[in-house]
A.B. asks: 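Shown below is the structure under consideration.
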Amino acid sequence: MSFWLMKTEPDVFSWSDLERSPNSTASWDGVRNYQARNFMRDEFKLNDLVFIYHSRVEPPAIVGIAQVVREAYPDLSALDPNSKYSDEKSIRDGVSRWVMVDVKAVARLPKEVSLSQLRETVGLEQMLVTRPGQRLSVQPVRPSEWAIICHMGGLGEYPGGNPAHP
DNA sequence: GCCAACGTTGGC
DNA sequence: GCCAACGTTGGC
């Protein structure tokens, strides 16, 4: 199992929006960056765990943990002319080159972990999200980083464990 | 295949 | 809301 971080602007789609979705599950659509797409398409596996990160808010922070419940499939929003993610040029034979995954909210962090906290914490120096100018919206997270952040977020020994028993 | 222009991201 | 950093586009 692998760990990931995905960014979202809560004004557009927040952790609460995910929790309120049917079965706490939503399609993570609208990713329009090849590096991010490739992570989702090639490396996201069923049951992988994902930190949900709120950007463009004060403070930017990791707020919850989601789980991959469906692996990559074509991003339907690219085909929808009314969607802001519509991308006609990405369509070939009726299928977009962009993909989405379905994720399910599994645990809100009791204490959200802010970007400034991430930057201050020993062991997280290599995280992409802490780097200025880094805008990749889907990023891998190392197991050691996952464990540290779960602990900071108040989830104890959650890392890699059973989501049913945090 | 270069690179200037452009649009977007995201911390501040 | 600003704007630096970044990724993409398209003319050449």
Side-chain angles (χ1 to χ4, degrees), chain A residues 2-21 26-44 48-68 72-103 105 107-142 144-146 148-155:
Chain A
S2 302
F3 303 109
W4 306 97
L5 178 148
M6 293 201 296
K7 300 179 187 173
T8 183
E9 299 181 26
D11 293 348
V12 178
F13 190 82
S14 69
W15 170 263
S16 297
D17 291 329
L18 179 59
E19 281 187 330
R20 280 195 295 266
S21 299
S27 301
W28 206 265
D29 61 7
V31 174
R32 296 291 179 268
N33 169 283
Y34 285 104
Q35 203 180 346
R37 190 266 323 250
N38 292 347
F39 280 132
M40 292 201 299
R41 185 190 62 186
D42 303 333
E43 301 191 39
F44 270 48
D48 279 1
L49 293 171
V50 184
F51 283 136
I52 302 299
Y53 175 90
H54 281 175
S55 65
R56 278 185 78 89
V57 284
E58 183 55 37
I62 295 171
V63 295
I65 292 173
Q67 189 160 35
V68 176
Y73 60 109
D75 185 338
L76 303 177
S77 69
L79 308 180
D80 177 1
N82 296 320
S83 169
K84 65 176 203 166
Y85 303 126
S86 172
D87 185 4
E88 209 166 305
K89 288 179 301 184
S90 75
I91 304 169
R92 202 166 163 179
D93 300 328
V95 178
S96 174
R97 74 171 88 95
W98 301 117
V99 302
M100 57 188 181
V101 296
D102 289 357
V103 295
R108 180 189 283 271
L109 293 193
K111 297 178 288 185
E112 66 175 45
V113 178
S114 70
L115 177 59
S116 57
Q117 282 180 277
L118 296 175
R119 286 180 167 151
E120 286 167 1
T121 301
V122 174
L124 303 182
E125 297 85 356
Q126 293 190 76
M127 290 193 81
L128 292 181
V129 73
T130 63
R131 296 205 193 138
Q134 172 59 61
R135 13 193 284 201
L136 187 61
S137 63
V138 177
Q139 309 180 356
V141 173
R142 294 167 187 80
S144 58
E145 295 163 346
W146 183 270
I148 291 169
I149 294 167
C150 285
H151 197 259
M152 293 169 75
L155 281 184

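Computed from heavy atoms alone, side chains included, the values below leave out hydrogens, waters and symmetry copies. Bear in mind the structure is a predicted one, so any value in this text is a computation, not a measurement. Proteins come first, then strands; the chains are lettered A, B, ... in the order of their sequence lines, and each starts at number 1.
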A.B. asks: Verify the distance criterion only: is there a donor paired with an acceptor across the side chains of Asp80(A) and Ser77(A) at less than 3.5 Å?
C.D. replies: no
A.B. asks: Can you tell me if Arg97(A) and Tyr34(A) form a side-chain donor-acceptor pair at under 3.5 Å?
C.D. replies: yes
A.B. asks: With a 4.0 Å cut-off on heavy atoms, is Arg119(A) in touch with a base, just the backbone sugar-phosphate, or nothing at all?
C.D. replies: sugar-phosphate
A.B. asks: Is it true that a side-chain atom of Asp29(A) and a backbone atom of Asp75(A) form a donor plus acceptor pair closer than 3.5 Å?
C.D. replies: no
A.B. asks: Kindly say whether Trp98(A) contributes a backbone atom to a donor-acceptor pair with the side chain of Arg37(A) at under 3.5 angstrom?
C.D. replies: no
A.B. asks: Going by distance alone, is a donor N or O of one side chain under 3.5 Å from an acceptor N or O of the other, for Tyr73(A) and Asp102(A)?
C.D. replies: yes
A.B. asks: Protein within reach of the bases, or only the backbone? For nucleotides 4-10 of chain C, mark each nucleotide 5' to 3' as B, S or -, using heavy atoms under 4.0 Å.
C.D. replies: -BBSS--
